[in-house]
Amino acid sequence: MTPLAYILSLPVRFYRLVFSPWVGNSCRYDPTCSAYSLEAYRKHGGIKGTYLTLRRIGRCHPWGGSGVDDVPD
């Protein structure tokens, strides 16, 4: 993981540690958005990982899709 990706992943890690246990597992996609985000940062770095994360979160709404949505290579 690049240094920028690591810094950008810190809020996601904080969310998973503090808020995720309270929210529960009600994600429409598999993997969850936070797991998708960490994998996107690991595979693609900070800039493209942020783009992929925001695009994924933008699809998470009542009229969006569901199912398996892996990080593209």
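Every heavy atom of this structure was used, including side-chain atoms; hydrogens, water molecules and symmetry mates were not. All values reported here derive from a predicted model rather than from experimental measurement.
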Fill in the blank from the handout: For Gly46 and Thr50 the tightest heavy-atom approach is O-OG1, 2.6 Å
Residues 65-73, side-chain donor-acceptor partners within the protein, below 3.5 Å, at least two apart:
{"residue": "Asp69", "atom": "OD2", "partner": "Arg59", "partner atom": "NH2", "Å": "2.3"}
{"residue": "Asp73", "atom": "OD1", "partner": "Lys43", "partner atom": "NZ", "Å": "3.0"}

Exercise for the section: Report the distance from atom OG of Ser20 to atom OH of Tyr15, rounding to the nearest 0.5 Å. Expected result: 4.5 Å
Practice task
Kindly assign one of parallel, tilted or perpendicular to the pair Trp63 and His61, based on the angle between their ring planes and the thresholds 30° and 60°.
Solution key: tilted
Give every donor-acceptor pair under 3.5 Å between a side-chain atom in residues 2-14 and any protein atom, sequence neighbours left out.
{"residue": "Thr2", "atom": "OG1", "partner": "Ala5", "partner atom": "N", "Å": "3.2"}
{"residue": "Ser9", "atom": "OG", "partner": "Ala5", "partner atom": "O", "Å": "3.4"}
{"residue": "Ser9", "atom": "OG", "partner": "Tyr6", "partner atom": "O", "Å": "2.8"}
{"residue": "Ser9", "atom": "OG", "partner": "Arg13", "partner atom": "NE", "Å": "3.2"}

Practice task
Nearest 0.5 Å please: distance from the CZ atom of Arg55 over to the OH atom of Tyr36.
Solution key: 5.5 Å
Exercise for the section: To the nearest 0.5 angstrom, please state how far the CD1 atom of Ile57 sits from the OH atom of Tyr29. Expected result: 11.5 Å
Problem - Atom CD1 of Ile47 with >12 non-hydrogen neighbours under 6.0 angstrom - result: no
Handout entry: Close side-chain approach of Arg56 and Leu52, heavy atoms under 4.5 Å
Key = no
Exercise for the section: Give a yes or no on whether the backbone of Gly49 and the side-chain of Thr53 come within a donor-acceptor separation of less than 3.5 Å. Expected result: yes
Handout entry: SG-CZ distance between Cys33 and Arg16, expressed to the nearest 0.5 angstrom
Key = 11.0 Å
